[in-house]
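As structure tokens, the structure follows; a few thoughts come after it.
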Amino acid sequence: QVQLVESGGGSVQAGGSLRLSCTASGYIISRTCMGWFRQTPGNDREGVAVISTSLGNSDYADSVKGRFTISQDKAKKTWYLQMNMLKPEDTAMYYCAANPWVDCRAGALRPLGYTYWGQGTQVTVSS
């Protein structure tokens, strides 16, 4: 069984930065699509960034391109989301998710088919 635990959320002013971490416990196979998603009350969960653990390729939502970076440290079984130039509209609960046995492909930013999910970490950006 795999468990994902997010950390690094908090409150920051607009223009600031935060780095989220997602650490996996249990067995993580080398070929996995890892993703970061976010959700605000009353809205659907949306994809922010994804990365293929084996290939290293990544993809981003248009709203965060150029500001957010997803990365990984496979030895530590930890995935990161570096968030720069934060905006109030980035305020949300952020979740990491894992879809094992596959590389990320078209549609990976949709929160469908992910087997494992973390509990989330809150990010609040004030203007």
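Only this structure's heavy atoms are used, side chains among them; waters, hydrogens and symmetry mates stay out.
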Say whether, by atom type as modelled, one donor and one acceptor occur between the side chain of [X] and the main chain of [Y] under 3.5 angstrom.
{"X": "Arg67", "Y": "Met85", "result": "yes"}
{"X": "Tyr114", "Y": "Ala108", "result": "yes"}
{"X": "Thr78", "Y": "Asp73", "result": "no"}
{"X": "Thr53", "Y": "Ser30", "result": "yes"}
{"X": "Lys87", "Y": "Ser126", "result": "no"}
{"X": "Glu6", "Y": "Gln119", "result": "yes"}

| field | Chi angles and distances behind the side-chain hydrogen bond (donor to acceptor under 3.5 Å, both in side chains) call for Arg19, Tyr80 | value | CA-CA 7 Å; Arg19 188 178 78 159; Tyr80 304 98; 4.6 Å; no

With a cut-off of 6.0 Å (strictly less than), are more than 12 heavy atoms of other residues, nucleotides or ligands near [atom1] of [X]?
{"X": "Gln3", "atom1": "CD", "result": "no"}
{"X": "Asp44", "atom1": "CG", "result": "no"}
{"X": "Arg110", "atom1": "CZ", "result": "no"}

Are any non-hydrogen side-chain atoms of [X] and [Y] less than 4.5 angstrom apart?
{"X": "Tyr116", "Y": "Pro100", "result": "yes"}
{"X": "Ser7", "Y": "Thr23", "result": "no"}
{"X": "Asn99", "Y": "Thr32", "result": "no"}
{"X": "Val123", "Y": "Met83", "result": "yes"}
{"X": "Thr91", "Y": "Thr40", "result": "no"}
{"X": "Trp101", "Y": "Thr115", "result": "no"}

Are [Y] and [X] connected into the same hydrophobic cluster when the rule is that any two of I, L, V, M, F, W, Y join if their side-chain heavy atoms are below 4.5 Å apart?
{"X": "Leu109", "Y": "Leu20", "value": "no"}
{"X": "Ile70", "Y": "Leu86", "value": "yes"}
{"X": "Trp79", "Y": "Phe37", "value": "no"}
{"X": "Met93", "Y": "Trp117", "value": "yes"}
{"X": "Tyr94", "Y": "Ile51", "value": "yes"}

| said: Let me confirm one number: the OG-CD distance from Ser63 to Glu89, rounded to the nearest 0.5 Å. | reply: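 So the OG of Ser63 and the CD of Glu89 are separated by 8.5 Å.
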
| Reported CD-to-SG distance for the pair Gln72 and Cys22, which is rounded to 0.5 angstrom | 11.5 Å

| said: Given the ring of Tyr95, does Arg38 sit roughly above its face, with NZ or CZ under 6.0 Å from the centre of the six-membered ring and within 45° of the axis? | reply: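 No, cation not above the ring by the 6.0 Å, 45° rule.
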
| Where is the tightest heavy-atom contact between Ala24 and Val2, given as atom of each residue plus distance? |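 Between these two residues, the closest heavy atoms are CB-CG1, 4.5 Å.
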
| task | Compare every heavy atom of Met34 with every heavy atom of Cys104, then report the nearest pair and how far apart it is. | result | SG-N, 4.1 Å

| message | Between Trp36 and Phe68 (judged by ring centroids, cut-off 6.0 Å), do the two rings come close enough to count as a pair? | response |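 Judged by ring-centre distance (under 6.0 Å), Trp36 and Phe68 do not meet the cut-off.
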
| said: If the threshold is 4.0 Å, N to carboxylate O, is there a salt bridge linking Lys65 and Asp62? | reply: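 Yes, charged N to carboxylate O under 4.0 Å.
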
| request: Ignoring hydrogens and angles, state whether a donor on the side chain of Ser52 or Asn57 is under 3.5 Å from an acceptor on the partner side chain. | output: yes

| query | Between Ser54 and Asp103, is any side-chain donor less than 3.5 angstrom from a side-chain acceptor? | reply |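 There is such a pair (donor and acceptor under 3.5 Å, judged by atom type) between the side chains of Ser54 and Asp103.
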
